[in-house]
2 protein chains.
Amino acid sequence: MSELNVPVASFSPLYEQIKAMILASLQASEWLPGAAIPSEMELAARYAVSQGTVRKAIDELAAQNLLVRRQGKGTFVATHQEDDWQYRFLRLAPDSGAKFHLTNQFLVCANTKASPYIANLLKLKAGDAVIHIDRVQSFAGKPIVFEEIWLPGARFKGLDLEALNVWHGPVYAFYESQFATHMVRAEEKIKAVAADEVLAGHLHLPVGAPLLSVERVAFTYGNKPVEIRHARYDTSEQHYENKLN
Amino acid sequence: MSELNVPVASFSPLYEQIKAMILASLQASEWLPGAAIPSEMELAARYAVSQGTVRKAIDELAAQNLLVRRQGKGTFVATHQEDDWQYRFLRLAPDSGAKFHLTNQFLVCANTKASPYIANLLKLKAGDAVIHIDRVQSFAGKPIVFEEIWLPGARFKGLDLEALNVWHGPVYAFYESQFATHMVRAEEKIKAVAADEVLAGHLHLPVGAPLLSVERVAFTYGNKPVEIRHARYDTSEQHYENKLN
DNA sequence: CAGTGGTCTAGACCACACT
DNA sequence: GTGTGGTCTAGACCACTGC
């Protein structure tokens, strides 16, 4: 007797389905960054499962930094506007161990068309509208970071140099409050490069000086890429920190 | 009426205590890398708690990559000798996306005394015995990585160039099988530097070429630092990859 | 005080690997 | 089939927050 089992879609536990539903609500902005989501009991009722199952789903989303649990208060949607999250993605630190405070100077904010390279990374078509930003960041008066940023024009319509200069704080908090776009994760590719004349000028270094080149793609909910950055760090007095587990 | 609460030692859940006991067993080599630990039921009996509590302890240790769960088989002590863990800490990847296979050439393996800098990182005293290794790694025949390694002499007594050259495979698997030392995590500090004459010679590059400098401290159980590495990568055709969450 | 998340238990049943 | 980890439930109680 043949055991012709239908190749069923692989088993998916309940809590994974709950995770997916919570994710869908986040993506649909049903609950906004910084706001509390319903209590575990309420969600258990809503999805008709036990509290323990909701708990496991929330646990995993919290481990991915999408939610933040606060005992006695509730569970909240992660936000870049909290003090301790302001520099969640910044891996640069001074060699001295001193406290790091970077000052921002935005140089350019232009509406242009996506190059094939940028379009590919942002999952747009070459020629689609993109916004291109240049900035320099300084520490203790010394320029340390030169950064180029590309954003999809549709999502960030209306962004201009004025708005950037008025804002004080991390760019990701700005995106969140002005463009309803929360960054969930990012990927970086790092190389060592020599400063060309432009970079040397911005960072007050000789041409040929070694710089850390950091290319980042940042993603919102649903693995959607919505920001490209290409930074160059002067690492003579600071370094990029990474933990391997 | 005064509320003079004694400042009690802060609350510590049962599963944290179980975690600590399992960790102690790992550190004491009661269970060796690659071996199965007792089943959840057995551990629950041993510690006189419910299976659920053991489960939560193991879950967290597995999340830290100290243990590996395999459904239907058991829970195992993590090891660098498994195929998919061979390059767990390697973040370098070819720009082309090609498969990466590095060949090793060990140049030096000398018994020396710790400089103050190395002693500090390894938590030794300056002048204590350390082993110093130099190697070059190549990809497709091209030298890409020059790496210096420092190890505490006591733990790695007897390590020599012969042993390194006989070994085929990742260094961390070598440490594990020959010196009963399993690496649990590492921290890296990354900079861009210019090649000096020595580096330029090893990597077949002009003096002054930009290189990625990666300083790593690797830790065994109990947060004990047991290896220092200082690598220089030629990143002209490869890059360092990092994920931010 | 009530409401939230956090811990712990006991038990049932499922999925998977090996023999 | 037996034993392992994986899922799900229901319920009790603890710890923390804020009214």
How long is the line joining CG of B/L43 and C1' of D/dT4, in whole Å?
13 Å
Donor-acceptor list for residues 86-94 of chain B side chains, cut-off 3.5 Å, not counting sequence neighbours:
unit_1, atom_1, unit_2, atom_2, d
B/R88, NE, A/N245, O, 3.1
B/R88, NH2, A/N245, O, 3.4
B/R88, NH2, B/V184, O, 3.0
B/R91, NH1, B/R88, O, 3.0

Do the side chains of A/E241 and A/K243 get close enough for a salt bridge, i.e. N-O under 4.0 angstrom?
no
Anything below 3.5 Å on both distances counts as a pair; with that, list the stems of at least three consecutive Watson-Crick or G-U pairs involving DNA chain C.
C:1-18 with D:1-18
Enumerate the residues from residues 56-69 of chain B whose closest heavy atom to DNA chain D is under 4.0 Å, giving them by residue number; use none for an empty result.
B/R69
Sequence neighbours excluded, the answer for ring-ring contact (aromatic ring centres under 6.0 Å, His included) partners of A/Y175 is A/F156, A/Y172
With A/K191, which residues qualify under side-chain hydrogen bond (donor to acceptor under 3.5 Å, both in side chains), at least two apart?
B/D95
In chain order, what residues pass the ring-ring contact (aromatic ring centres under 6.0 Å, His included) check against A/Y47, with sequence neighbours excluded?
none
Taking only residues two or more places apart in sequence, or in another chain, which ones meet A/E42 in a side-chain hydrogen bond (donor to acceptor under 3.5 Å, both in side chains)?
A/S39
If you look only at pairs with a residue in residues 149-163 of chain A, which of them pass as a side chain to side chain donor-acceptor pair (under 3.5 Å), with sequence neighbours excluded?
A/R155-A/T181
Could you walk me through whether B/D59 and B/Y15 pass the side-chain hydrogen bond (donor to acceptor under 3.5 Å, both in side chains) check?
CA-CA 10 Å; B/D59 276 347; B/Y15 73 85; over 6 Å; no
Sorted by chain and residue number, the ring-ring contact (aromatic ring centres under 6.0 Å, His included) partners of A/F100 (sequence neighbours excluded) come out as A/F139
If you compare every side-chain N and O of B/R70 against the phosphate oxygens of D/dT4 (OP1, OP2), does one of them come in below 4.0 Å?
no
For A/E40 and C/dT7, what is the distance between atoms CD and P respectively, to the nearest whole Å?
11 Å
B/L164: partners by side chain to side chain contact (heavy atoms under 4.5 Å, CB included), with sequence neighbours left out:
B/F106, B/C109, B/I133, B/L159, B/F174
Which residues share a side chain to side chain contact (heavy atoms under 4.5 Å, CB included) with A/E82, sequence neighbours left out:
A/R70, A/T79, A/D84, A/W85
How does each nucleotide of nucleotides 8-19 of chain D score, in 5' to 3' order, for protein heavy atoms under 4.0 Å: base (B), sugar-phosphate only (S), or none (-)?
SB-----BBSS-
Let me know the distance between CD of B/E42 and C1' of D/dT4, rounded to the nearest Å.
11 Å
Nearest-angstrom distance from the residue atom CZ of A/R55 to P of D/dT7
16 Å
